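Read the numbers this way: they start at 1 and go in the same order the structure lists the ligands and their atoms. Since the model is a prediction, treat every value here as computed from it, not as a measurement.
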Amino acid sequence: MSPTTLGEFDLIARYFTRAPRRATLGIGDDCALLAPLPAGQQLAVSSDMLVEGRHFLSSVAPERLGHKALAVNLSDLAACGAAPIAFTLALAMPRVDEVFLEGFARGLFALADAHGIELVGGDTTAGPLNLCITVFGALPAGQALLRSGARAGDDLWVSHPVGGGLGDARLALEVFRGNVALPGDAFEVVRLRMECPTPRVALGQALRGVASSAIDLSDGLVGDLGHVLARSRVGATLNADALPTSAVLAGLPRELRHEYTLAGGDDYELLFTAAPGDGFAVLAAAERAGVAVTHIGSIEAAPDLRIVDGRGAALLRRFAAFDHFRAEP
Ligand code: ADP
Ligand code: MG
């Protein structure tokens, strides 16, 4: 089939239109229509954009890109403790590439189906490859997990895969950049973490009423923790040697391990705080969600972040977070 036979509306119909489930009206009109939420529920809304060369490499399989575009959005809902409902997709691409669209849609809808949510609308245009998803979620009014809720004395926790940890996505990126070499099987492990992150949707909801604050890790632990500290007007001590790592990352020199876990980016884990007396509730929430959590530090009244090693000695290096308008990390 010639790549130019499919027009805008045909491609929307072929790759993105499915029978509505919960939506009153799905794709095809000027607006989608969603039924109001039940009384006492609040709507949570978040958007995340993925730009080729900046958020993903052109080498990524379309199916994984479809997964990741939705996963990073679901991660934001997870950080607030919201249950996902629906999403929209704004898509710019240089030309109609059906192999790309077919794989992208497959990855996208597989994750959507896993969470029982539907695509209700969007926009499609020609342009440099760029994906923007907006997700809608629901939660009991007033129960959202916020960045501003951390209190002095709270424990600091991070989620991670059972047997895995932080920093794998950054390690995979450094392999792609040619800065680190890994055996093929080890590379596949960390590459999957970079290209196919698992949003902690169940954990976020299980932490409602348990965590005092939460954020999802997208730009690197130190920077994202900085947002929580600033919004909560507190400081923290973080034990760099307590950060969970995969077996692959554990084999790296200590300096790199610290750099990738503290400032890696693209982890899509939940960083959250809870009162010390709620430790068992945190572990129970993690168990229900089928994910591991590790205690990595504590919130303190004294401002700023203190990073220490396992013996309590200060680590002097500052770990900058990723900032799109500053230099590459
Ligand atoms: P309008 O011109 O009114 O903005 P469009 O012609 O762009 O509407 O889109 C037609 C329909 O297809 C709308 O319902 C829109 O929400 C939907 N749509 C367009 N692009 C996408 C996409 N990438 N994914 C899902 N739905 C889409
Ligand atoms: Mg349009």
For this session: Please work out whether any backbone atom (N, CA, C, O) or any side-chain heavy atom from C-beta onward of I12 is under 4.0 Å from ligand 1, and answer side chain, backbone, both or neither.
Result: side chain
Exercise. Applying ring-ring contact (aromatic ring centres under 6.0 Å, His included), which residue pairs with at least one partner in residues 161-201 are found, sequence neighbours left out?
Worked result: F176-F187
Problem set entry | Side chain proximity check, R231 to L146, heavy atoms < 4.5 angstrom | no
Exercise. Got an N/O contact under 3.5 Å between G28 and ligand 1?
Worked result: yes
Exercise. Of all the atoms in ligand 1, which lie at a distance below 4.0 Å from a heavy atom belonging to D30?
Worked result: 3 (O)
Problem set entry | S46: side-chain hydrogen bond (donor to acceptor under 3.5 Å, both in side chains) partners, not counting sequence neighbours | D76
Exercise. Looking only at non-hydrogen atoms, which of I133, T125, T124, L101 approaches atom 23 (N) of ligand 1 most closely?
Worked result: T124
Seminar exercise, completed: Counting from 1 in the order shown, the ligand 1 atoms closer than 4.0 Å to a non-hydrogen atom of D29 are 13 (C), 14 (O)
Exercise. Are K68 and E195 close enough for a salt bridge, meaning some N to O gap below 4.0 Å?
Worked result: no
For this session: Below 4.0 angstrom from a heavy atom of G121, which ligand 1 atoms are there? Numbered from 1 as shown, please.
Result: 16 (O), 24 (N), 25 (C), 26 (N), 27 (C)
For this session: Using a strict 4.0 Å cut-off to heavy atoms of F9, name the atoms of ligand 1 that fall inside it.
Result: 6 (O)
Problem set entry | Geometric class of the F16/F104 ring pair [parallel <30°, tilted 30-60°, perpendicular >60°] | perpendicular
Seminar exercise, completed: Any heavy atom of L119 under 4.0 Å from ligand 1? The part involved is side chain
Problem set entry | pair D168-L249: side-chain heavy atoms closer than 4.5 Å | yes
For this session: For ligand 1, find out whether one of its N or O atoms is nearer than 3.5 Å to an N or O atom of L91.
Result: no
For this session: Check whether more than 12 heavy atoms from other residues, nucleotides or ligands sit under 6.0 Å from atom CD of E287, and answer yes or no.
Result: no
For this session: Report yes if some N/O of I27 lies less than 3.5 Å from some N/O of ligand 1; otherwise report no.
Result: no
